[in-house]
Amino acid sequence: METKIGKTKLSLIQGDITLQKTEAIVNAANTSLLGGGGVDGAIHRAGGPKILEECKAIRAKQGGCPTGEAVITSGGNMKTKYVIHTVGPVWSGGNRGEEQLLRNAYYNSLDLAREKGIKSVSFPSISTGVYRFPIDKASRIALNTVKEFVQDHNFVEVRFTLFSERDLKAYEDASKEICR
Ligand code: ADP
């Protein structure tokens, strides 16, 4: 599914984020930046050891990545030039600022891309795997944050690469409300 928000193309597709050729892809990392399961594991496997080395250098400088923040490395062996590593919140019922933290993760990823002059970015569904954020809420936060951001800062494309058909459907449903 494709729509336009101002000059920015917003696409929702089902697929593997490690294969996307946008200038940057976003990793749903954890605060250690040392890799993990899910999309994080897939990105480190596909990108090779260079990404982990760069993450370790960032750790040495700033000691990991707090929840809601973002850092950037190269794309290693992948087609993408950059990986933006952000840390989404663990869902624990909704009373611990999870919604704001998820918003921050998307916002700070987009802001880092903007700062680097990156014009196309692919996101996974941050926090809705092991971190258990309900996807109906998460998809709305994701799309609203992107929508607000690209109204002020043009990108060529912001793409959501959803791993399952069910996840794609959730994002499509949310976009019908938000991106009309
Ligand atoms: P989190 O810890 O932020 O919840 P996960 O990696 O557990 O992150 O899950 C985030 C989402 O990424 C889930 O919807 C999961 O299905 C999806 N995912 C896993 N591997 C890939 C991949 N290769 N490409 C795109 N999405 C993926």
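What you are looking at is a predicted structure, and each value in this text was computed from that prediction instead of being measured. Quick note: numbers below take in every heavy atom, side chains included, and nothing from hydrogens, waters or symmetry partners.
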Connected via hydrophobic side-chain network under 4.5 Å: [X] and [Y]:
| X | Y | value |
| --- | --- | --- |
| Leu101 | Leu110 | no |
| Ile141 | Val87 | no |
| Phe155 | Tyr107 | yes |
| Val150 | Tyr171 | yes |
| Ile178 | Leu168 | yes |

Which of Cys179, Ser175, Ser11 passes side chain to side chain contact (heavy atoms under 4.5 Å, CB included) with Met1? Answer is Ser175

Are the side chains of [X] and [Y] in touch, meaning some heavy atoms are under 4.5 Å apart?
| X | Y | value |
| --- | --- | --- |
| Ile13 | Gln20 | yes |
| Arg159 | Ser120 | no |
| Leu10 | Leu143 | yes |
| Val121 | Ser109 | no |
| Pro124 | Ile126 | yes |

By side chain to side chain contact (heavy atoms under 4.5 Å, CB included), Lys169 pairs with (sequence neighbours left out) Asp173

Name all residues meeting the side-chain hydrogen bond (donor to acceptor under 3.5 Å, both in side chains) criterion together with [X]; count only those two or more places apart in sequence or in a different chain, and write none if there are none.
| X | answer |
| --- | --- |
| Asn144 | none |
| Gln151 | none |
| Asp16 | Thr18 |
| Ser127 | none |

With sequence neighbours left out, the residues meeting salt bridge (Lys or Arg N to Asp or Glu O under 4.0 Å) with Lys79 are none

Under a single-linkage rule joining Ile, Leu, Val, Met, Phe, Trp and Tyr whose side-chain heavy atoms are separated by less than 4.5 Å, which residues share a cluster with [X]?
| X | answer |
| --- | --- |
| Leu52 | Leu34 |
| Ile25 | Ile17, Val39, Ile43, Ile51, Met78, Val83 |
| Val156 | none |

For Ala174 and Arg140 the tightest heavy-atom approach is CB-CG, 3.9 Å

Nearest heavy-atom approach of Leu33 to Ala29 is CD2-CB, 4.4 Å

ask   = Under 6.0 Å from the NZ atom of Lys4, do we count more than 12 heavy atoms belonging to anything else shown?
value = yes

So ring pair (Phe, Tyr, Trp, His ring centres under 6.0 Å) across residues 114-135, not counting sequence neighbours, yields Trp91-Phe133, Tyr106-Phe123, Phe123-Phe160

- request: For the pair Glu165 (side chain) and Gln14 (backbone), establish whether a donor and an acceptor sit closer than 3.5 Å, ignoring hydrogens and angles.
  value: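 Absent.
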
**Item:** Side chain Glu23, main chain Ile118, donor-acceptor under 3.5 Å
**Value:**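 No; zero donor-acceptor contacts below 3.5 Å.
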
Drop me the distance from [X]'s [atom1] to [Y]'s [atom2], to the nearest 0.5 angstrom.
| X | Y | atom1 | atom2 | answer |
| --- | --- | --- | --- | --- |
| Ser164 | Ile135 | OG | CD1 | 6.5 Å |
| Leu12 | Thr3 | CG | OG1 | 6.5 Å |
| Asp111 | Asn104 | CG | CG | 11.0 Å |

request  = Only pairs at least two apart or in different chains count here, so list each salt bridge (Lys or Arg N to Asp or Glu O under 4.0 Å) that has a residue in residues 27-54.
outcome  =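 Checked against salt bridge (Lys or Arg N to Asp or Glu O under 4.0 Å) - neighbours excluded - the pairs reaching residues 27-54 are Lys50-Glu54.
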
With a cut-off of 3.5 Å and sequence neighbours excluded, list every side-chain donor-acceptor pair involving residues 60-73.
unit_1	atom_1	unit_2	atom_2	d
Gln62	NE2	Gly64	O	2.9
Thr73	OG1	His85	NE2	2.9

